[in-house]
Amino acid sequence: MGLLSGGAAEAGQGQAIPAGLLGPPRSRRLQPQGSAPRSWIPTMVLKVFFPSCCSSADSGLLIGRWIPEQNSAVILAVVHFPFIPFQVKQYLSEVQKVSQVDIVVLGTWCNNKQEKEENLGKFLDDLGTIFSHEPWLQISKEKGSKFWSCHTLSRQADTPTEDQVILVYYDQRKVMLSRLHPPEISLDNQPGVITAPDASKLAAVFDTVAKSEVLFMTDRYDDGPIKLTHWQSEGVEASIIVELAKQASVPVCMLLTGLLSLVSGLCKSRIFKFWPVSFIWSKLSTCEQVRYRLEHLRFVFSNQKAENQNQLMRKANIFVSLLVDVALGILLLSWLYRKNRIGQLADALIPVADHVARELQDLLQWLMGVPAGLKMNRALDQVLGRFFLYHIHLWISYIHLLSPFIEMILWYVGLSACLGLTVVLSILSDIFALLTFHIYCFYVYGARLYCLKIYGLSSLWRLFRGKKWNVLRQRVDSCSYDLDQLFIGTLLFTILLFLLPTTALYYLVFTLLRLLVVIVQGLIHLLVDLIDSLPLYSIGLRFCRSYRLAAGVKFRVLEQEEGRPLRLLMQINPLSYGSVVQTYRLPTYSCYPKDTWGSLYGRVEAGKAGNDHGNLYNQS
Amino acid sequence: MEVERIFSDIYGGRLALQRRQYSPFCREFCLGCPRLSLRSLTAATCTVWLVAYGLFTLCQNSMVLSAAIFITLLGLLGYLHFVKIDQETLLIIGSLGIQMTSSYASGKESTTFIEMGKVKDVVINEAIYMQKVIYYLCILLKDPVEPQGVSQVVPVFQSAKPRLDCLIEVYRSCQEILALQKVTSGSP
């Protein structure tokens, strides 16, 4: 947005702004409420993250994690009366060992459902001496009032300072299940310890809640010495389908891994190493696609568990993508094999091939005459035209030879649709390539001829000027030629020069045709890539359970009251769909043209574009 | 405590700035943008319909008219949902962070929250916008690699584009809270 002036930061302080723009001094209005303007001493702000599920819990102890660098307390659960302090301490140390989050008793929670009880207040104060923690929190809630009071007691300080408290409510279930993007790289193997000083504060909160999963495993129906309130205390959540799937997945995975290793062993067997078969195999995009899908299947059904969240998402994405692919393929299959559509397709194929051949013949006749008003060299024109016409004639004969078998071939090839829609599309692209093989041949002939001509022309042009290409030094040197060399050279140069328009025109026409074919194939491959790489599971997760993929948080200020701590509601800000697709995209095998358009054009000019093209999208 | 004042944006349109103070270190600024004017809506619809009717007289296909209806409806819905911003809010909470919310005319809200640890400063900058030089308020973010550097500049009130007097008011409030934050984070 325009210029960024480095000095604007200083200018913004008020120097360059004319006095007329500054309104009446507002400094008095912006002073904090309820205190003398100049004598208010700001103190440290304490942030308390309180789970909203514990708002209606009975009185008890608050347990959670204290983050001293950020002066914030993350409350995870409430321990109810009656309890034995020793048992509480034992339980907490056990939980600490398992989850590696240092959970301690942070303070007391007082929910006065009846009238104010003085004894309870004294009792809660005494608890502070048993479980010593700096600072000791005391949160209390009166009946009928939605504003809480939160006090902090600091025993170490000489004068008790009253901290400003911010009370942040969070939904424990959502925060536990969600995952922050981008994931913090600075949180290394030492969980519970923030290494970098500028690590995100909120990532620490999310991390704490996520790692304390073991704390949330006990609900109120368990017969333990400790009674907790947290998001699962009403009953641990579980899903029968998920549990059954987990049980069933182990034998299924083993079976499928065995089958897949068999199939891949077959693919790698010796018969595919021989020259014609391996050459054809490398050119067909279907084989690439099948190999790619096989890799995916092996990854999904491998016996190892997913190590981290990334791998789990990848596995899920691949699995859903495979399912959708196969489902679409079977849909296509059912549509194709109904009402004898295969037969109709096979019947339509031959006339289409004939039509294309006839169009090509018309084109060649046009080129042999006076194309676009240009005058061609009649002899060369006739030779090239007849050569290509004969080619087309051969091609049509082959197609007609194959015509009785086409329906059967199509029928069996169509069965492969059960492997997935992507395989069908790859087969379609390959069939298209095979049907337009003669265009490819014409392009190769035209390109070779043109390339030779250009090469000859440039060499003879150098001779015309008395220069020579020095192969040793890779540069142009002057050279003295004999008279007869010069004579023959100039003659050949003129011949080639005057034959150039004819060859160039043929080259241009066939290059354009080839470009058309490549574009169509490219579009099909683009579609295949789209189906391959789209992370459908992540998109579905973002749509249905948007709190699982979090870009950040958002705060909402709740009703305030004078003298009470600031109340905020922390909600999860979900990731946008674009970022979801970008983060979880599956890598594809196809490589797009590596050169820039400029260099490609240069190669087309010289006739060398066909050297390494093969199939532009099939570089194995 | 809520205060409302009227300002104007760079085009002269009317902007309402609502200032709320929830606590000494928590303030919210709500800038309401001018609403969708009936005049521009009518003009756009009439243009589309004239073009559609012209095409219809040319090709005598009633699909053109149905297509025009669809385009107008979808265009309007898309405009309200993705383009037209009704209100922009800046919520600054000392020692937590700064939050910017844009609410669109269709009710959609898009929020960005920047933690206080990442905020270096809030400044008023100048920019060349079309043929004008305008002032805009922006948040400077700290560079994790270089302590004195600025990694990103996040402009605030991008679609409302208020003038300098409104920006000064917001700027001074923000600076008070940031100063408070620096003092409290500096003290033990």
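Throughout, protein chains are lettered first and strands after them, A, B, ... in sequence-line order, and every chain is numbered starting at 1.
- Only the side chain of I93(B) comes within contact range of chain A, with heavy atoms under 4.5 Å apart.
- Remark: C26(B) SG to Q560(A) CD distance equals 7.0 Å, nearest 0.5 Å.
- Within 6.0 Å of CD in Q582(A) there are 12 or fewer heavy atoms belonging to other residues, nucleotides or ligands.
- Across all non-hydrogen atoms, the minimal contact from F555(A) to Q99(B) is N-OE1, 2.6 Å.
- Proximity to chain B (any heavy atom under 4.5 Å) is shown, for K554(A), by both the backbone and the side chain.
- Dense packing is recorded around NZ of K120(B), with more than 12 heavy atoms of other residues, nucleotides or ligands lying under 6.0 Å away.
- Other residues, nucleotides and ligands contribute only 12 or fewer heavy atoms inside 6.0 Å of the CZ atom of F543(A).
- Y22(B) OH to E561(A) CD: the interatomic distance, rounded to the nearest 0.5 Å, is 15.5 Å.
- Side chain of N573(A) to main chain of T111(B): a donor-acceptor pair is present (N/O by atom type, distance under 3.5 Å, no hydrogens or angles).
- Q148(B) CD: 12 or fewer foreign heavy atoms inside a 6.0 Å radius.
- Rounding to the nearest 0.5 Å gives a distance of 7.5 Å between CG of L568(A) and CG of L91(B).
- The contact between V557(A) and chain B is made entirely by side chain atoms (from C-beta outward), counting heavy-atom distances below 4.5 Å.
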I166(A) and S95(B): side chain to side chain contact (heavy atoms under 4.5 Å, CB included), yes or no, with the steps?
CA-CA 10 Å; I166(A) 304 180; S95(B) 85; 4.2 Å; yes
